[in-house]
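Structure first, then comments.
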Amino acid sequence: MSAEGGTKAIVAALAANLGIAASKAVAFAFTGSSSMLAESIHSVADSGNQGLLLLGRKRSERDRTPEHPFGYGRERYFYAFVVAVVLFTVGSAFSLYEGYHKISHPEEVKAPAWAFGVLTVAIILEAFSFRTAIQESNLVRGGQSWWSFIRRAKAPELPVVLLEDLAALVGLFLALFGVTMAVVTGDGVWDGVGTVAIGVLLGAVATILAIETKSLLIGEGVDPDTERQIVEALESVPEVARLIHIRTEYLGPDALLIAAKIAVHHDDTAAEVARGIDAAEGKIRAQFPVAKLIYLEPALDEASRTGSADAESAPEAPASS
């Protein structure tokens, strides 16, 4: 994902949510609707989410230090995890509590025209934000399904914004349903039901984001197809007899670490081995610019010399993603 594209989607979502949060708060003041209050908190949480994502992007650009020799790329994963666990969870818990309170002590929705007007405007603004996120995601999604893109994207911003905007749109329709039913039936319990539904929705989104960003924080490698291409690039160099084993890990969305042990020919000189390593690194970087750090350890190709290989020499099966 390009930095520019991700930032555009975040800023669009931030601008929409700030305006929507203010309008929902005004509507709550006039109507007393718990659905409107839950949606206002939802938009405030979303605004905080986008602020944290922008902060994470900025902090991840810091130069490496002796204490952090591989840089700060994973800060983007950390702040995305905070978005999932803290803000979404708090928003979900608040909505569930407010919904339960409203169901237990239902109140009539006052001045429903305010609620309907604000919700209509909010749906339009959220649809615009969601459309922007979809357009930016399509630039990098390729042929992946949406679910696969959300699960496998190494840059967390677009998946987070996509799920935020989707949850916001669905939440607005749930609030509209709750307020409409409360006005039509004259029973304020429906307003509480809509609020609880919004809380459940936020909890589901929080769970999905927490699982995916946790995996990125722990450390993910490349997918099997990309690993196969890296191995092919390595073994295409004449000085490399074969791959012994390989490890990959994303240090951030734009920084991939590759460490591999390669077998070299038994009668190659040190200069030939060094040239081979340089050529292999050049081929990998040309094909995968994201490969910022490549460490190749040469070893004698004992298998080809003796006709047998020990357990360590056997190439590993591609890692599953």
Practice prompt. Apply side chain to side chain donor-acceptor pair (under 3.5 Å) to Thr195 and Glu98, showing your working.
Written response: CA-CA 7 Å; Thr195 308; Glu98 184 64 22; over 6 Å; no
In the structure I gave you, are the side-chain heavy atoms of [X] and [Y] within less than 4.5 Å of one another anywhere?
{"X": "Phe81", "Y": "Pro156", "answer": "no"}
{"X": "Phe130", "Y": "Ile134", "answer": "yes"}
{"X": "Phe288", "Y": "Ile294", "answer": "no"}
{"X": "Phe149", "Y": "Leu158", "answer": "yes"}
{"X": "Tyr79", "Y": "Arg57", "answer": "no"}
{"X": "Ile230", "Y": "Thr226", "answer": "yes"}
{"X": "Leu209", "Y": "Val160", "answer": "yes"}
{"X": "Ile262", "Y": "Val237", "answer": "no"}

Short side-chain to backbone donor-acceptor contact, [X] and [Y], under 3.5 Å:
{"X": "Arg62", "Y": "Arg59", "result": "yes"}
{"X": "Arg74", "Y": "Tyr77", "result": "no"}
{"X": "Ser92", "Y": "Gly199", "result": "yes"}
{"X": "Ser215", "Y": "Ile211", "result": "no"}

Worksheet entry | All ring-ring contact (aromatic ring centres under 6.0 Å, His included) counterparts of Phe78, not counting sequence neighbours | none
Practice prompt. Could you list all the salt bridge (Lys or Arg N to Asp or Glu O under 4.0 Å) pairs where at least one residue sits in residues 174-196, not counting sequence neighbours?
Written response: Lys102-Asp191
Discussion item. Would you say that more than 12 heavy atoms from the other residues, nucleotides or ligands in this model lie under 6.0 Å from the CG of Asp225, or not?
Written reply: yes
Worksheet item: For Arg131, does the CZ atom have more than 12 heavy-atom neighbours from other residues, nucleotides or ligands under 6.0 Å away?
Response: no
Are [Y] and [X] connected in a single hydrophobic cluster, I mean Ile/Leu/Val/Met/Phe/Trp/Tyr linked by side-chain heavy atoms less than 4.5 Å apart?
{"X": "Leu174", "Y": "Ile123", "result": "yes"}
{"X": "Leu243", "Y": "Leu256", "result": "yes"}
{"X": "Val179", "Y": "Val189", "result": "no"}
{"X": "Phe173", "Y": "Leu201", "result": "yes"}
{"X": "Leu96", "Y": "Ile208", "result": "no"}

Item to complete: Kindly determine whether Glu281 and Tyr295 satisfy side chain to side chain contact (heavy atoms under 4.5 Å, CB included), including the steps that lead there.
Response: CA-CA 9 Å; Glu281 289 182 359; Tyr295 298 107; over 6 Å; no
Worksheet entry | Val222 and Tyr250: CA distance, side-chain angles, deciding distance, side chain to side chain contact (heavy atoms under 4.5 Å, CB included) verdict | CA-CA 8 Å; Val222 298; Tyr250 280 93; 3.9 Å; yes
Worksheet item: Yes or no on side chain to side chain contact (heavy atoms under 4.5 Å, CB included) for Val83 and Thr213, after CA distance, side-chain angles and deciding distance?
Response: CA-CA 10 Å; Val83 165; Thr213 52; over 6 Å; no
Item to complete: Assign the ring pair Phe30 / Trp114 to parallel, tilted or perpendicular, where the plane angle (0 to 90°) is split at 30° and 60°.
Response: parallel
Return the minimal non-hydrogen interatomic distance between [X] and [Y], and the atom names on each side.
{"X": "Leu169", "Y": "Glu126", "value": "CD2-CB, 3.8 Å"}
{"X": "Tyr100", "Y": "Val196", "value": "N-CG2, 3.9 Å"}
{"X": "Ile10", "Y": "Val161", "value": "CG1-CG2, 4.0 Å"}
{"X": "Arg151", "Y": "Glu212", "value": "O-OE1, 3.2 Å"}
{"X": "Lys154", "Y": "Pro253", "value": "O-CG, 3.4 Å"}
{"X": "Ala299", "Y": "Ile244", "value": "CB-CD1, 3.9 Å"}

Worksheet item: Passes side chain to side chain contact (heavy atoms under 4.5 Å, CB included), Thr180 versus Trp190? Steps please.
Response: CA-CA 8 Å; Thr180 300; Trp190 284 105; over 6 Å; no
Worksheet, complete the sentence: One should read off an interatomic distance between Arg76 CZ and Leu53 CG, to the nearest 0.5 angstrom, of 9.5 Å
Worksheet item: Between Asp268 and Arg275, is a salt bridge (charged side-chain N to carboxylate O under 4.0 Å, His left out) present by the stated rule, with each step listed?
Response: CA-CA 11 Å; Asp268 279 355; Arg275 282 196 297 269; over 6 Å; no
Item to complete: Would you check, one step at a time, whether the test salt bridge (charged side-chain N to carboxylate O under 4.0 Å, His left out) holds for Arg228 with Glu232?
Response: CA-CA 6 Å; Arg228 177 184 55 78; Glu232 289 177 354; 2.9 Å; yes
